[in-house]
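Data block below; observations after.
Order of appearance sets the numbers: ligands from 1, and atoms from 1 within every ligand.
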Amino acid sequence: MNSFVILGTIALAGIVFAFIFTQGARKQLLNLQKKNVRFEKLLLQKERELAQANGILKERSKESNEVARVLVRRDLELTETNERLRELDSVKSEFVSVAAHQLRTPLTGIKWTLNALLTGEVGTLDKDQKKLVTDGLAATYRLIELINDLLDTARIEEGRFGFNFKMLSLAPILKQSIVNYAVIAKKKGIQLILKLPEAKLPLLKLDAEKIGIVLDNLIDNAIKYTIPGGKITVRATLQKEHVVLEVEDTGIGVPKEQVHRVFTKFFRAVNAQLAETSGTGLGLYVSHNIVEHHRGTLSFTSSEGKGSTFVVSLPLVNQR
Ligand code: ADP
């Protein structure tokens with residue numbers, strides 16, 4: 001009987017223990033379920049956020065696609081505009097060429113007529129008549145110079161500025177330029193000095209006519225922009241792998257703030273326009289291009305009111 005009571009007590013204790021245990025387990029399960037619900041909620045929220053972010057991304061992607069399309073369209077438009085500008089530029093160069101050619105022929109006629117009048121071929125002129133014809137001739141020369149500059153510029157822009165290179169010395173071309181300008185310099189009261197090295201200068205690959213244009217232009221400028229009583233020194237030297245030509249003057253110089261524009265088309269410095277009314281602003285642009293075609297450099301140093309030195313550096317043949 002006692003053993004029944006003991007067994008019954010043990011069983012009861014077991015049942016109580018099992019009850020307590022299952023209660024604990026149930027509590028834990030409930031806790032876990034609660035946590036699960038929380039996680040599910042969190043997951044749902046994250047999913048919603050992800051869906052939202054996805055939507056925004058899609059929107060942005062649409063927008064960037066639109067921007068890309070606009071960019072491609074703009075690129076096309078720019079290419080077309082560029083092409084049109086190039087065509088217009090070429091039409092402009094062609095127009096300048098044709099117009100300049102048409103102008104040059106009658107001007108050459110006028111030049112010969114005025115020259116004939118001056119040399120007395122059709123009778124002698126009195127002092128006043130001579131002065132009128134001389135002024136007319138000077139203006140005609142200026143016009144011819146402008147037309148030649150315009151033609152050279154148009155040829156450069158159309159890529160038709162042909163070169164004819166030969167192995168030559170710079171010295172005779174230089175001497176010819178000095179001869180061309182000796183009278184003009186003397187008339188203006190300017191000393192024009194040529195300094196050549198004692199030893200012969202080496203032969204260079206040159207286009208004599210084109211280099212002549214450069215030298216004439218530099219000497220012409222030096223005379224134009226130097227006041228009477230000034231001095232111009234033209235110097236050629238051999239320096240390492242280059243023949244260097246310098247045209248140094250004691251003229252008006254180039255204003256510091258305009259120095260960077262000197263080789264651009266149609267540029268004329270303020271002081272130059274005041275000192276000398278004639279000028280196209282094309283000579284140095286053309287000269288720069290010619291020197292570059294010789295694989296050389298054209299540079300200058302200048303001090304306003306004191307003078308300028310223009311320097312052409314031409315490479316020896318084996319340096320090409
Ligand atoms: P321009 O026909 O006006 O002389 P250039 O192209 O030969 O045209 O020269 C451009 C400008 O550079 C000139 O108008 C002048 O302002 C300046 N310049 C050129 N050479 C000299 C110089 N030796 N002294 C001072 N300024 C110069």
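- Atom numbering of ligand 1 starts at 1 in the shown order; those under 4.0 Å from a heavy atom of Leu282 are 6 (O), 8 (O).
- The shortest N/O to N/O separation between Phe310 and ligand 1 does not fall below 3.5 Å.
- What sits closest to atom 7 (O) of ligand 1 on the protein, heavy atoms only, is Asn221 ND2, 2.8 Å.
- With respect to the salt-bridge test (charged N to carboxylate O, under 4.0 angstrom), the residues Glu157 and Lys265 qualify.
- Nearest protein neighbour of atom 2 (O) of ligand 1, counting heavy atoms only, is Thr280 N, 2.8 Å.
- At a threshold of 4.0 Å, the pair Glu246-Arg235 counts as salt-bridged, since one of the basic side-chain nitrogens sits closer than that to a carboxylate oxygen.
- Within the listing of ligand 1, atoms 7 (O) sit less than 4.0 angstrom from a heavy atom of Asn217.
- When hydrogens are left out, the protein atom nearest atom 15 (C) of ligand 1 is Ala272 CB, 3.6 Å; that is the closest non-hydrogen contact.
- Between Ala269 and ligand 1, a contact under 3.5 Å exists for at least one N or O pair.
- Phe300 and Phe263 have perpendicular rings, their planes meeting at more than 60° on a 0 to 90° scale where under 30° would count as parallel.
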side-chain hydrogen bond (donor to acceptor under 3.5 Å, both in side chains), that's the test. Do Ser278 and Glu276 meet it? Break it down for me. CA-CA 6 Å; Ser278 85; Glu276 170 66 55; 2.9 Å; yes

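- For a threshold of 3.5 Å applied to N or O pairs, the pair formed by Leu284 and ligand 1 contains at least one separation below that value.
- From Ile156, atom CD1 reaches atom CZ of Arg160 across 11.0 Å, with rounding to the nearest 0.5 Å.
- At least one side-chain heavy atom of Val133 sits under 4.5 Å from a side-chain heavy atom of Leu125.
- Here the heavy atom of the protein found nearest to atom 21 (C) of ligand 1 is Tyr225 CD1, 3.5 Å.
- Listed by number with element, the atoms of ligand 1 under 4.0 Å from a non-hydrogen atom of Ser308 are 24 (N), 25 (C).
- Between Phe161 and Phe163, the distance from one ring center to the other falls under 6.0 angstrom.
- By the criterion of a heavy-atom distance under 4.0 Å, the side chain of Lys224, and not its backbone, is placed next to ligand 1.
- Among Val312, Ile232, Ile213, the single residue meeting the side chain to side chain contact (heavy atoms under 4.5 Å, CB included) criterion with Leu218 is Val312.
- Electrostatic pairing of Asp126 and Lys130 does not count as a salt bridge here, judged by no charged N lying under 4.0 Å from a carboxylate O.
- Protein heavy atom at the shortest distance from atom 26 (N) of ligand 1 is Val254 CG2, 3.5 Å.
- Each of the atoms 1 (P), 2 (O), 3 (O), 6 (O), 8 (O) of ligand 1 lies under 4.0 Å from some heavy atom of Gly281.
- Using the six-membered ring where Trp is involved, His294 and Phe165 have ring planes that are perpendicular, over 60° apart on the 30 and 60° scheme.
- Contact annotation for Leu218 and ligand 1: no heavy atom of the residue comes within less than 4.0 Å of the ligand.
- Counting atoms of ligand 1 from 1 in the listed order, those under 4.0 Å from a heavy atom of Arg268 are 3 (O), 14 (O), 16 (O).
- Phe267 O, 3.3 Å is the protein heavy atom nearest to atom 10 (C) of ligand 1.
- Put simply, the residue from Ile219, Thr233, Thr226 that forms a side chain to side chain contact (heavy atoms under 4.5 Å, CB included) with Leu192 is Ile219.
- Atom 23 (N) of ligand 1 has Asp249 OD2, 2.9 Å as its closest protein atom, hydrogens excluded (heavy atom only).
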